[in-house]
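What follows is a set of notes on a single structure, which appears directly below.
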Amino acid sequence: MPEDTLLAYAVNIHQTPMQTWGPGYGIFLGKGKFLTAAHVGGRTWFTRPKVTIADHEYPTQVVKEGKLEGTDLTLLAVEENLLPMRLRLRRLRLCDAPPRPGQEVVTVIPEAVVRSHIIAPDRIPLGARRFSTAIVDVAKTGNSGSGVFDVKEKCLLGIMSRKISQKRINQVTKKEENYDVAKYFVPAAEIAAFVPPGTIDTQ
């Protein structure tokens, strides 16, 4: 499918040593810059995150680090001449229009592109409505740091941040359990405000 072309932008993010919960994800923006969720990179002075492309690890410089409970983004840089030529020539565009309920999207990680759609804020549990940009298909879509792209425009709509859960009664056990109902992503407008000017092409 056409959105498979977006796979080239997806990378893994490894802490040093490798995090026990498995590889994190990130998205190549262009000009040697990579964006991930802040909690994937962790406290970067300690975790020394690396960008991993096709099993090759690249050391990074931290351009800007956010926080999980603030803006859940971290911007990393890799020396551009170290990157594969197929990546150096690419540039990513942020979506101009805000996310809208029902909008078709794909989440992108190095292994897969998965279709989903944005849900209306009123479908998000009351206690989590500050996370108003969310998608469904929790089990199948990319996890923290993966890219959320508009299907038609192929622009970056956001970076995946966290699962949104809701307590429900299990009808079999009659016990209260947590169920994942959606995934929040940091929207393009927040990305644009977070990254330094000139990081992302506006065209």
Side-chain angles (χ1 to χ4, degrees), residues 3 5-16 24-54 56-100 103 105-110 113 118 131-133 142 144-161 184-203:
E3 53 262 31
T5 58
L6 298 171
L7 281 171
Y9 292 97
V11 300
N12 288 118
I13 304 294
H14 293 174
Q15 296 181 7
T16 309
Y25 299 111
I27 291 294
F28 178 63
L29 301 178
K31 305 175 187 176
K33 304 297 191 301
F34 296 82
L35 193 62
T36 186
H39 71 274
V40 169
R43 296 187 174 183
T44 54
W45 60 270
F46 179 73
T47 63
R48 305 191 311 280
K50 298 181 179 71
V51 166
T52 304
I53 303 166
H56 187 91
E57 288 187 334
Y58 298 86
T60 66
Q61 290 185 325
V62 180
V63 179
K64 189 172 182 181
E65 182 179 325
K67 293 181 179 178
L68 174 62
E69 295 306 327
T71 302
D72 190 16
L73 297 172
T74 286
L75 182 64
L76 304 170
V78 171
E79 194 173 327
E80 197 168 9
N81 63 7
L82 297 178
L83 294 172
M85 185 60 72
R86 62 178 175 78
L87 208 56
R88 279 189 255 170
L89 298 174
R90 292 179 180 270
R91 297 288 186 273
L92 198 57
R93 183 173 65 85
L94 284 179
C95 297
D96 297 320
R100 64 185 187 281
Q103 183 175 357
V105 301
V106 290
T107 61
V108 182
I109 61 173
V113 175
I118 296 172
F131 306 120
S132 59
T133 49
S144 300
S146 59
V148 181
F149 289 82
D150 177 271
V151 168
K152 294 179 180 176
E153 298 295 326
K154 305 296 188 293
C155 55
L156 184 65
L157 201 59
I159 293 291
M160 198 64 74
S161 172
Y184 161 71
F185 63 90
V186 182
E190 285 190 44
I191 294 172
F194 177 82
V195 301
T199 301
I200 303 175
D201 287 346
T202 55
Q203 299 298 322

Open item on the list: Assess the residue pair Val186 and Phe194 against the criterion (side chain to side chain contact (heavy atoms under 4.5 Å, CB included)); give the C-alpha distance rounded to whole Å, side-chain angles, the decisive distance to 0.1 Å, and a yes or no.
Closed with: CA-CA 11 Å; Val186 182; Phe194 177 82; over 6 Å; no

Open item on the list: If you compare all heavy atoms of Lys50 against all heavy atoms of Glu57, which two are closest, and at what distance to 0.1 Å?
Closed with: CD-OE1, 3.3 Å

Open item on the list: In the structure I gave you, are the side-chain heavy atoms of Tyr58 and Val11 within less than 4.5 Å of one another anywhere?
Closed with: no

Open item on the list: Can you confirm whether Leu75 sits close enough to Pro196 that some side-chain heavy atom of one is under 4.5 Å from a side-chain heavy atom of the other?
Closed with: yes

Open item on the list: Just to verify, which of Leu87, Thr60, Ile53 counts as forming a side chain to side chain contact (heavy atoms under 4.5 Å, CB included) with Val78?
Closed with: Thr60

Open item on the list: Is the shortest side-chain heavy-atom distance between Asp72 and Phe131 below 4.5 Å?
Closed with: no

Open item on the list: Tell me whether Thr74 contacts the main-chain N or O of Gly41 through its side chain, where contact means a donor paired with an acceptor under 3.5 Å.
Closed with: no

Task: Donor-acceptor pair, side chain of Ser144 and main chain of Ser161, under 3.5 angstrom - done: yes

Task: pair Leu156-Phe149: side-chain heavy atoms closer than 4.5 Å - done: yes

TODO: Look up atom NE2 in His39 and atom CG in Leu73, then write down how far apart they are to the nearest 0.5 Å.
DONE: 11.0 Å

- [ ] For residues Ala10 and Ile27, report the shortest heavy-atom separation together with the two atoms involved.
- [x] CA-CD1, 4.0 Å

Task: Student check: side-chain heavy atoms of Val108 and Tyr9 closer than 4.5 Å - done: no

Open item on the list: Can you tell me if Arg91 has over 12 outside heavy atoms packed within less than 6.0 Å of its CZ?
Closed with: yes

Task: Spacing of NZ belonging to Lys64 relative to NZ belonging to Lys33, to within rounding of 0.5 Å - done: 13.5 Å

Task: Note, Thr133 side chain near Ile118 side chain (heavy atom, < 4.5 Å) - done: no

Task: Any side-chain heavy-atom pair of Lys154 and Leu6 under 4.5 Å - done: yes

Open item on the list: Quick check: closest heavy atoms across Pro187 and Pro99, and the distance to 0.1 Å?
Closed with: CB-CG, 4.3 Å

Task: Residue Gln61 excluded, over 12 heavy atoms near CD under 6.0 Å - done: no

TODO: Please round to the nearest 0.5 Å and tell me the distance separating atom OG1 of Thr47 and atom CD of Gln15.
DONE: 4.5 Å

Open item on the list: For a quick test of reading the model, state the closest non-hydrogen atom pair linking Arg88 to Leu83 and the distance between them.
Closed with: NE-O, 2.9 Å

Open item on the list: Exactly one of Val63, Leu29, Leu35, Ile13 should register a side chain to side chain contact (heavy atoms under 4.5 Å, CB included) with Leu76. Which one does?
Closed with: Ile13

- [ ] Working to the nearest 0.5 Å, report the span between OG1 of Thr52 and CZ of Phe34.
- [x] 10.0 Å

Open item on the list: Return the CG to CZ distance between Asp150 and Arg93, rounded to the nearest 0.5 Å.
Closed with: 8.5 Å

Open item on the list: Rounded to the nearest 0.5 Å, what separates atom CD1 in Ile191 from atom OG1 in Thr199?
Closed with: 11.5 Å

Task: Taking every non-hydrogen atom, the tightest pair across Leu7 and Pro110 - done: CD2-O, 3.8 Å

Task: Tyr25 and Met160, any side-chain heavy atoms less than 4.5 Å apart - done: no

Open item on the list: Looking at every non-hydrogen atom in both residues, tell me the closest pair between Ser146 and Ile109 and how far apart they are.
Closed with: CB-CG2, 3.4 Å

